[in-house]
Peer 1: 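Dropping a structure here in structure tokens format, bear with me for questions.
Source: prediction; values computed, not measured. Hydrogens, waters and symmetry mates are skipped; everything else that's a heavy atom, side chains included, is used. Per chain, numbering begins at 1; letters A, B, ... match sequence-line order.
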Protein chains: 2
Amino acid sequence: MVVHDLTEEEIDRIFKALADRTRRDIVRRTFSAESSISELAQHYKMSFPAVQKHIAVLEAADLVTRIPQGRERIIRGNPATIRRAQELLSHFEHIWRSRIDRLDALLAEDEPQT
Amino acid sequence: MVVHDLTEEEIDRIFKALADRTRRDIVRRTFSAESSISELAQHYKMSFPAVQKHIAVLEAADLVTRIPQGRERIIRGNPATIRRAQELLSHFEHIWRSRIDRLDALLAEDEPQT
DNA sequence: ATAATATGCAACCAAATGGTTGTACATGAC
DNA sequence: GTCATGTACAACCATTTGGTTGCATATTAT
């Protein structure tokens, strides 16, 4: 059931992409509704090319897909990649839990019966 | 039940911290067993201060804690922060799901009965 | 006391990041 | 055809990032 067939480089790209407030906001918007780049750009104080660059970062991380539609590029969020990221984080939790289990086992060894 | 009382700056720090291979590896190791900085540093080709800096980044994101113990600093992973990050990601999924629900509702409206 | 170990921290450097402006091109509207 | 809109992309700039070396300090071991 472990699916994270991602390279370390891909993981880098996903977390780097999510490590920016504007990009997280773009992800939120594109998850809630598809929008063109200029529609998205209206919501931020920065220039249009700046927003374009953020979208390029998100696309490189496969968090978002750019779909040509006439002269527009429709941006759609990709929930599968978010799922992958969640799996990565839950992997850390598994490690933690197995550590706790090992510590519990050690304690049980020290006190055969109380 | 929504707990993510994190500022955007804190979220930035968490994802930026996780966006580096060495730092993810340090998190894995400190989740599986506490180690000193020099123990951790032995596993990487880079210099000791470089590893120190990575740990400082992780500590600023509250992903690990530095516990002074004699002349050593024991590094312990903090699973609560990983949990927060997971909650943030699952928030995206919720947005996605409610979007799908809205689309389904629209379709149902278009076809009152089939 | 001296030596070895573990850490802290400053100064420096190259590369990446996040922004800008300017220009070019494709598509849709009139 | 002309004009407006939407996007692409290059060049530039300041700041951040991820690494280095060198030196100082604290703690443990002999």
Peer 1: Would you kindly give the CG-to-C1' distance between B/Leu40 and C/dT7, to the nearest whole Å?
Peer 2: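 One finds 13 Å between C1' of C/dT7 and CG of B/Leu40, rounded.
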Peer 1: Rounded to the Å, how far apart are A/Ile55 CD1 and C/dG18 C1'?
Peer 2: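 Taking atom C1' of C/dG18 as the reference, CD1 of A/Ile55 is at 15 Å.
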Peer 1: Nearest-nucleotide wise, let me know which of B/Pro49 and A/Lys53 is further upstream toward the 5' end of DNA chain C.
Peer 2: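 In this pair, the answer is B/Pro49.
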Peer 1: A/Ser47 side chain: which of C/dT7, C/dT21, D/dT7 is closest?
Peer 2: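 The nucleotide sitting nearest to the side chain is C/dT21.
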Peer 1: Answer with yes or no whether B/Arg71 presents, from its side chain, a donor or acceptor under 3.5 Å of a partner atom in the base of C/dT5.
Peer 2: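 Yes, a donor-acceptor pair under 3.5 Å.
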Peer 1: Over 60° means perpendicular and under 30° means parallel, so classify the ring planes of B/Phe92 and A/Phe31, tilted if in between.
Peer 2: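 Rings of A/Phe31 and B/Phe92: tilted, 30 to 60°.
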Peer 1: Does some side-chain heavy atom of B/His54 sit less than 4.5 Å from a side-chain heavy atom of B/Tyr44?
Peer 2: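 No, their side chains stay 4.5 Å or more apart.
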Peer 1: Taking only heavy atoms on the protein side, list every residue of residues 7-34 of chain A lying under 4.0 Å from any atom of DNA chain D, sorted numerically.
Peer 2: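 Heavy-atom cutoff 4.0 Å gives no residues at all.
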Peer 1: Could you check whether A/Arg29 pairs with A/Asp25 (Lys NZ or Arg NE/NH1/NH2 to Asp/Glu carboxylate O, under 4.0 Å)?
Peer 2: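 Salt bridge: yes.
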Peer 1: Is there a side-chain polar atom (N or O) of B/Gln52 under 4.0 Å from OP1 or OP2 of C/dG8?
Peer 2: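 Result: yes.
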Peer 1: Mind checking B/Ser38 for me? I need base, sugar-phosphate or nothing, with any heavy atom below 4.0 Å counting as a touch.
Peer 2: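 It contacts sugar-phosphate atoms only.
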Peer 1: Let me know, please, whether A/Ile37 or B/Glu72 comes out on the 5' side of the other along DNA chain D by nearest nucleotide.
Peer 2: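 Nearest-nucleotide comparison on DNA chain D picks A/Ile37.
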Peer 1: How about B/Thr30 and B/Leu40: do any of their side-chain heavy atoms sit closer than 4.5 Å?
Peer 2: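 Yes - at least one pair of side-chain heavy atoms lies under 4.5 Å apart.
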Peer 1: Within the structure provided, determine whether A/Leu88 and B/Leu18 are in side-chain contact (heavy-atom separation under 4.5 Å).
Peer 2: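 When only atoms from C-beta onward are counted, B/Leu18 and A/Leu88 do not touch, as no gap falls below 4.5 Å.
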Peer 1: Report the distance from atom CD of B/Glu59 to atom C1' of C/dG8, rounded to the nearest whole Å.
Peer 2: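 Interatomic distance, CD of B/Glu59 to C1' of C/dG8: 13 Å.
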Peer 1: Figure out the CG/C1' separation between B/Leu58 and D/dG18, and round it to whole Å.
Peer 2: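 That distance rounds to 13 Å.
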Peer 1: To the nearest angstrom, how far is B/Tyr44 atom OH from D/dT20 atom P?
Peer 2: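 Going from OH in B/Tyr44 over to P in D/dT20 covers 14 Å.
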Peer 1: Are B/Asp20 and B/Val57 packed together at the side-chain level, in the sense that at least one heavy-atom pair is separated by less than 4.5 angstrom?
Peer 2: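 Not in contact.
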Peer 1: When you check the phosphate oxygens OP1 and OP2 of D/dA8, does a side-chain N or O of A/Arg66 lie under 4.0 Å from one of them?
Peer 2: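 A/Arg66 to D/dA8 OP1/OP2: side-chain N or O found under 4.0 Å.
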Peer 1: Rounded off to whole Å, could you give me the CZ-to-P distance for the B/Arg73 and D/dT25 pair?
Peer 2: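 Taking atom P of D/dT25 as the reference, CZ of B/Arg73 is at 15 Å.
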Peer 1: Compare all side-chain heavy atoms of B/Arg97 with those of A/Pro79 and state whether any distance is below 4.5 angstrom.
Peer 2: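 Of all side-chain heavy-atom pairs linking A/Pro79 with B/Arg97, none is under 4.5 Å.
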Peer 1: Once you round it to whole Å, what is the distance between C1' of D/dC23 and CZ of B/Phe48?
Peer 2: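 Roughly 14 Å, once rounded to whole Å.
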Peer 1: Would you mind reading off the distance between A/Glu39 atom CD and D/dT5 atom P, rounded to a whole angstrom?
Peer 2: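 It is 15 Å, rounded to the nearest whole Å.
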